[in-house]
Amino acid sequence: MTRDNFGSRFGVLMAVIGSAVGLGNLWKFPYVAGKNGGAAFIILYLGFMVLLCIPLMLSEFVIGRRSQANVVGSFRKLAPGTPWYFTGVIGVAAAFFILSFYGVVGGWTLEYIISSAGIGLNSELIDSEQQFHSFTQSTVRPIIFLVIFMGLTTYIVLAGIKNGIERYSKILMPLLFLMIVILAIRSLTLSGASAGIEFLLNPDFSAIDGNVILDALGQGLFSLSLGMGCMITYSSYFKKNINLSKVTLITISADTLFALIAGIAILPAVFALGFQPDAGPGLVFIILPKVFELMPGGSVFAIIFFIVLAVAALTSAISLLEVVVAYLSEELKLKRKTATWIAAVTISIAGVFCSLSLGSLAGIKIFDNTIFDFFDKFSSNFLMPFGGMLIVLFVGWKMRRADVYDELLNGGTLKIKMFNTLMFLLKFFAPIAIALIFLNKIGLLNFM
Ligand code: TRP
């Protein structure tokens with residue numbers, strides 16, 4: 001059977017950007033930046049984008065397109081008989097963990113689309129904090145929305161690469177862009193918005209420490225879907241005429257732009273209406289509903305905002321599910337349809353536990369964390385940096401330099417600048433930087 005693939009360049013871009021742009025940009029980035037010193041964090045983040053994320057994304061593309069296989073199979077093909085395939089096993093595990101809690105938050109976005117319709121109907125202000133907690137801590141409702149969200153994800157993945165992932169990304173991503181620009185303009189035209197812009201532009205370097213640095217790295221990897229083989233899996237469906245460097249640069253620019261626009265859409269509104277930006281994960285679910293409530297026509301903007309969140313989450317969730325589906329169908333030789341259902345159902349069950357861990361199962365702790373937080377931290381702070389390190393080491397040291405060169409140049413039809421710089425970053429800078437940040441975080445090194 002021939003492997004499915006992406007039909008057009010535009011389709012490739014929309015799918016890859018769709019994977020990258022998600023809750024990481026719209027939900028996590030504004031509060032992580034808000035908590036960690038605003039502009040100072042953003043500068044650090046941009047540094048990681050250029051020095052680490054560009055090389056890592058190119059590496060994943062090289063591995064995926066060269067091998068034309070799932071994350072585990074790709075390492076088996078390129079380095080047969082070696083333990084390198086373990087990198088792929090980490091990737092499949094990471095996809096499983098991430099999608100489990102990601103699906104829960106995806107479900108929340110759907111609930112908030114519906115509840116936004118009621119904004120402004122009452123003359124009394126709602127207590128959005130209490131509402132958020134009573135919703136997320138309840139047992140049944142979040143699970144219903146989790147199942148709907150996972151159902152949509154499964155529906156798209158079942159339809160395949162060209163007719164599912166590509167087709168829906170091409171419709172949803174332009175729509176997403178349009179909606180977020182509308183929101184940013186609305187936010188910027190509120191009086192008092194300039195405090196938010198100042199916060200985004202005014203660096204507070206004293207806020208930077210070891211934890212902030214790992215947060216910036218983790219956020220960069222998460223936001224670009226890197227370090228666990230999502231991009232390996234997607235690029236295994238690229239045709240040979242796709243320019244890998246171009247896709248990398250466009251994706252990283254688009255993803256950063258989305259994160260900044262999200263910051264611009266959210267933070268000025270937060271400041272304008274007298275709230276603080278360091279509210280944590282509740283920022284978009286607690287503070288924003290209050291902001292919308294105080295805004296003329298708030299209900300309409302609230303509905304648009306939560307549709308934006310849901311769409312962004314959906315196009316990311318499909319890329320996570322695809323990692324597991326490609327693995328199950330190619331390595332365990334299952335039918336694609338069977339593989340999709342097995343993956344979707346097991347991940348949803350894990351998601352149910354994540355959701356319950358915020359309420360009735362809050363007493364269950366894994367290393368001091370609720371199940372939800374453990375899944376998030378274990379993947380973002382451990383599996384992804386570790387996986388990312390193995391991926392750059394593989395391309396930097398294990399693959400033949402000529403093969404890497406050939407893949408980046410599409411067999412000699414393109415030109416590439418700075419190949420030597422790239423190889424230097426891959427061989428030395430990226431692995432050492434990731435290792436240092438990581439060791440510092442787990443407390444083995446104490447230089448900050
Ligand atoms: N990048 C997506 C976001 O910003 C989430 C995502 C999709 C992801 N695939 C991933 C995160 C793989 C980590 C790894 O929301």
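When a ligand or atom number is given, it counts from 1 through the structure's own listing order.
On a distance-only criterion, Leu224 and ligand 1 share no N/O pair closer than 3.5 Å. Residue-to-ligand polar distances place Phe222 within reach of ligand 1: an N/O pair is separated by less than 3.5 Å. When only interatomic distances are considered, the shortest N/O to N/O separation between Ala20 and ligand 1 falls below 3.5 Å. When only interatomic distances are considered, the shortest N/O to N/O separation between Leu23 and ligand 1 falls below 3.5 Å.
In summary, the aromatic rings of Tyr102 and Trp27 are positioned with their centroids too far apart to meet the 6.0 Å limit. Note: Phe353 and Phe372 fail the aromatic proximity criterion, with ring centroids not under 6.0 Å apart. Between Phe285 and Trp108, a ring centre-to-centre spacing shorter than 6.0 Å is recorded. In this structure, the ring of Tyr112 has its center less than 6.0 angstrom from the ring center of Phe306.
Looking at atom 12 (C) of ligand 1, its nearest protein heavy atom turns out to be Met228 SD, 3.3 Å. Nearest to atom 6 (C) of ligand 1 among the protein's heavy atoms is Ser225 OG, 3.5 Å. At the top of the distance list for atom 2 (C) of ligand 1, counting protein heavy atoms only, stands Ser19 O, 3.2 Å. Nearest protein heavy-atom contact of atom 15 (O) of ligand 1 is Tyr102 OH, 2.5 Å.
At a cut-off of 3.5 Å, with distance as the only test, a side-chain donor of Ser19 or Ser225 sits close to an acceptor on the other residue.
Contact analysis leaves Trp27 out of contact with ligand 1, as no non-hydrogen atom separation drops below 4.0 angstrom.
At a heavy-atom distance under 4.0 Å, only side-chain atoms of Ser319, from C-beta outward, approach ligand 1. Contacts between Cys230 and ligand 1, counted as non-hydrogen atom pairs separated by less than 4.0 Å, involve the side chain only. At a heavy-atom cutoff of 4.0 Å, ligand 1 is contacted by the side chain of Met384 but not by its backbone. By the criterion of a heavy-atom distance under 4.0 Å, neither the backbone nor the side chain of Leu221 is placed next to ligand 1.
A salt bridge (charged side-chain N to carboxylate O under 4.0 Å, His left out) check over residues 305-333, counting only residues at least two apart or in different chains, returns the pairs Arg3-Glu330, Arg76-Glu331, Glu322-Arg336.
Phe374 is not listed as a side-chain neighbour of Thr370, based on a closest heavy-atom distance of 4.5 Å or more.
Every atom of ligand 1 is numbered from 1 in the order shown, and the set under 4.0 Å from a heavy atom of Asn25 is 4 (O). Ligand-side atoms of ligand 1 in range of Ser316: 2 (C), 5 (C), 7 (C), range being under 4.0 angstrom from any heavy atom. Residue Ile98 approaches ligand 1 through these ligand atoms, each under 4.0 Å from one of its heavy atoms: 13 (C), 14 (C).
At distances below 3.5 Å, at least one donor-acceptor pair connects side-chain atoms of Ser357 with backbone N or O atoms of Cys354. Between the side chain of Arg65 and the main chain of Glu407, a donor-acceptor pair closer than 3.5 Å is present. Under a 3.5 Å cut-off, the side chain of Glu60 and the backbone N or O of Gly227 do form a donor-acceptor pair.
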